[in-house]
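Quick note: residue numbers are just sequence positions, from 1. Note that this is a predicted model, so its numbers are computed, not measured.
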Amino acid sequence: MKTIDELLSEGVAGQRVFVRADLNVPLDGTTITDDGRIRAVLPTVKALAEAGARVVVASHLGRPKGAPDPAFSLAPAAARLGELLGGDVAFATDTVGESATSTVAGLADGQVAVVENLRFNAGETSKDDAERGAFADQLAALADVYVGDGFGAVHRKHASVYDLPGKLPHYAGYLIAGEVAVLKKLTEDVKRPYVVALGGAKVSDKLAVIDQLLGKADRLLIGGGMAYTFLKAKGYEVGISLLQEDQIPAVQEYIERAEKTGVELVLPVDVLVATEFPDLKTKAPANPTTVAADAIPADQEGLDIGPETRKLYASKLADAATVFWNGPMGVFEHPDYAEGTKAVAQALVESKGFTVVGGGDSAAAVRTLGFDETAFGHISTGGGASLEYLEGKTLPGLAALED
C-alpha cells in the first residue's frame, strides 16, 4: 500500500485531503476522558497541514442509529484536536450536507476541519452495497485524496473505510502504516519466547485468536472475566463469576490442544472475590477476599487475579522476547481490582522484549493506571482490529488501501 510519505513527496499543497481518523474517544457528557486516539492521528494531520493540504478529518463516535444524536457529536473531539494542534479547527455540524460543503470550501491551504460523526448517516454502516456506495460518493465530493488512518475501524466494511478509498487516490497514514508494521512482528518471524496475555470479559470475543495463537505462541496467560469459563472447563466452582456456559466445550478443546502442542496455557491460581460488583462511580471500598482459583464460594464473584497469580504471570512474562497483551485482568476501573492489570502492565514495562498493548481497554488501563506510554514497545489504537489481524482475517479497510 502507498503511504503518506509518498503522497507528501508528490505534493499536496492546495489539495483537499480526506483523513479517515479514529476519534472514537470515551466521553463523560462532553468531557473527553481519554484523548489517546486523537493524539494518535496528530502526526498525519500535522504533516498534511504543514505541507499545505486542506485537511478534512472524519470519524465515527459511538453507535448512533444512522441519525444525528447530540450525545455522540464529534464537537468535543474537534475542539481537542485544535488544542493539540495549537490552532483553530473548523467544525461542520453535518457530514455531507450544507455545513460540511461550506466548511470544506472555506478551508485555506494548511487549515483543518472536522466533519460531524459519520454514523449520523445510515449509509456509513449499511450492509447494502449501493446505499454504502452512494454515501461514499457524497464523501468523495469533499476531497481530492484519501488517507486512511483510523486503524480502530479497519475491520469494518463501512463506507468511509472500505468504499471511499476506491473512489479517490488513496494512501495509508502514519498510524495505520505503523500498526501494520507492528502486527507483522507478531505474525511473521516472531522472536521467541512469544507470550500472549489475554483478558477482558467474554471468552467468545477471543476464541478465534486463541485458535490461531495455539499454533504460534509459546505461552498464553488467561485473565479477566474470560478466565472463569476456563476455570469452569477444568471442573472448578466459579460462583456467580462471569461465565459463558456455551463456550465451555470449545475452551476444553483448546486446553487439550495446548497440552498436545506444547503451548503453556496458564490460568489464575488465586482470585479476588466479592458478593457484588463494585460501584465504579463512587469507587467505594469493595473489601474483596482472596481465594484459591479452585475454591471460589458459590455466592461470590471473581473480579481480579490474586497476588500469587500476579507473581506467576510476571514470571511467565519475564523472559519473553515478544509480548502481546489484550484485555485487563480484572475490573481495573476500581482501585480494589486494579492490581492484576497493573501487575501485567508493570511486567511489560520491565520486559526486555518487544511489547505490544493491544488497544481497547488495555490501552485505556495503561493510561488510567498512570504508566508512561513510551515504556511499551507499541500501544495499539484498535483492539478489535488487532485481534482480527492476528486471527488471520482480511481487514476491509486495509484491503481497500492496497493497490
So, the side chain of [X] versus the backbone of [Y]: is there a donor-acceptor pair under 3.5 Å, distance only?
{"X": "D22", "Y": "G150", "answer": "no"}
{"X": "H334", "Y": "A284", "answer": "yes"}
{"X": "K311", "Y": "E308", "answer": "no"}

Answer yes or no: is there an ion pair linking [X] with [Y], defined by an N-O contact shorter than 4.0 Å?
{"X": "R219", "Y": "D319", "answer": "yes"}
{"X": "K202", "Y": "D205", "answer": "no"}
{"X": "K206", "Y": "E391", "answer": "no"}
{"X": "K167", "Y": "D137", "answer": "yes"}

Spacing of [atom1] belonging to [X] relative to [atom2] belonging to [Y], to within rounding of 0.5 Å:
{"X": "M329", "Y": "K342", "atom1": "CE", "atom2": "NZ", "result": "15.0 Å"}
{"X": "E83", "Y": "D88", "atom1": "CD", "atom2": "CG", "result": "11.5 Å"}
{"X": "D149", "Y": "F151", "atom1": "CG", "atom2": "CZ", "result": "11.0 Å"}
{"X": "Y194", "Y": "F324", "atom1": "OH", "atom2": "CZ", "result": "7.0 Å"}
{"X": "T275", "Y": "N287", "atom1": "OG1", "atom2": "CG", "result": "10.0 Å"}
{"X": "R257", "Y": "L214", "atom1": "CZ", "atom2": "CG", "result": "4.5 Å"}

Just by distance, no angles: are the side chains of [X] and [Y] close enough, under 3.5 Å, to form a donor-acceptor pair?
{"X": "H170", "Y": "R20", "answer": "no"}
{"X": "S126", "Y": "D128", "answer": "no"}
{"X": "T381", "Y": "E179", "answer": "yes"}
{"X": "N121", "Y": "T95", "answer": "yes"}
{"X": "Y174", "Y": "D5", "answer": "yes"}
{"X": "E124", "Y": "S160", "answer": "yes"}
{"X": "Q244", "Y": "S204", "answer": "yes"}
{"X": "E256", "Y": "Q252", "answer": "no"}

Next on the checklist: For E373 and R39: C-alpha separation, side-chain torsions, deciding distance, then whether salt bridge (Lys or Arg N to Asp or Glu O under 4.0 Å) applies.
Outcome noted: CA-CA 12 Å; E373 294 180 52; R39 288 185 286 111; 3.2 Å; yes
Next on the checklist: side-chain contact (heavy atoms from CB on, under 4.5 Å), that's the test. Do L312 and K316 meet it? Break it down for me.
Outcome noted: CA-CA 6 Å; L312 173 64; K316 296 295 183 182; 3.8 Å; yes
Next on the checklist: Before you tell me yes or no, could you show the steps for T309 and D270 under side-chain hydrogen bond (donor to acceptor under 3.5 Å, both in side chains), namely the whole-Å CA-CA distance, both residues' side-chain angles and the distance that decides it to 0.1 Å?
Outcome noted: CA-CA 6 Å; T309 305; D270 62 346; 2.6 Å; yes
Checklist entry - Going by the angle between their ring planes, with limits at 30° and 60°, are F18 and Y146 parallel, tilted or perpendicular? => result parallel
Item to check | R63 CZ: over 12 foreign heavy atoms closer than 6.0 Å | outcome: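 No - once you tally the heavy atoms of other residues, nucleotides and ligands closer than 6.0 Å, there are 12 at most.
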Checklist entry - Considering residues, nucleotides and ligands other than E402, do more than 12 of their heavy atoms fall under 6.0 Å from its CD? => result yes
Between [X] and [Y], which heavy-atom pair has the shortest distance, and what is it?
{"X": "V251", "Y": "A233", "result": "CG1-CB, 3.7 Å"}
{"X": "L390", "Y": "K216", "result": "O-NZ, 4.4 Å"}
{"X": "A153", "Y": "V161", "result": "O-CG1, 3.6 Å"}
{"X": "A338", "Y": "L369", "result": "CB-CD2, 3.9 Å"}
{"X": "L265", "Y": "A258", "result": "CB-CB, 4.0 Å"}
{"X": "P278", "Y": "A286", "result": "CB-CB, 4.3 Å"}

For the residue pair [X] and [Y], establish whether any side-chain heavy-atom pair is separated by less than 4.5 Å.
{"X": "V331", "Y": "F277", "result": "yes"}
{"X": "L84", "Y": "I38", "result": "yes"}
{"X": "P268", "Y": "F230", "result": "no"}
{"X": "R80", "Y": "L23", "result": "no"}
{"X": "V41", "Y": "V19", "result": "yes"}
{"X": "T290", "Y": "V271", "result": "no"}
{"X": "P76", "Y": "L27", "result": "yes"}
{"X": "I305", "Y": "R310", "result": "yes"}

Checklist entry - Going through the checks in order, is the side-chain hydrogen bond (donor to acceptor under 3.5 Å, both in side chains) test met by E10 and Y171? => result CA-CA 12 Å; E10 295 165 6; Y171 302 80; 2.7 Å; yes
Item to check | Residues E388, L395; criterion side-chain contact (heavy atoms from CB on, under 4.5 Å); working and verdict | outcome: CA-CA 7 Å; E388 290 198 15; L395 307 187; 3.6 Å; yes
Next on the checklist: Go through it in stages, so that I can follow the logic: the residues are E333 and T368, the test is side-chain hydrogen bond (donor to acceptor under 3.5 Å, both in side chains), and I'd like the CA-CA distance, side-chain angles, deciding distance and then a yes or no.
Outcome noted: CA-CA 8 Å; E333 300 91 342; T368 299; over 6 Å; no
Item to check | Test log, rule side-chain contact (heavy atoms from CB on, under 4.5 Å), inputs V112 and V45 | outcome: CA-CA 8 Å; V112 179; V45 174; 4.0 Å; yes
Next on the checklist: Check for me whether K191 meets the cation-pi criterion with F354, that is, NZ or CZ under 6.0 Å from the six-membered ring centre and within 45 degrees of the ring axis.
Outcome noted: no
Checklist entry - Given I255 and K234, is the side-chain contact (heavy atoms from CB on, under 4.5 Å) satisfied, shown in steps? => result CA-CA 9 Å; I255 291 172; K234 289 180 70 72; 4.0 Å; yes
Item to check | Residues T33, D28; criterion side-chain hydrogen bond (donor to acceptor under 3.5 Å, both in side chains); working and verdict | outcome: CA-CA 7 Å; T33 58; D28 182 1; over 6 Å; no
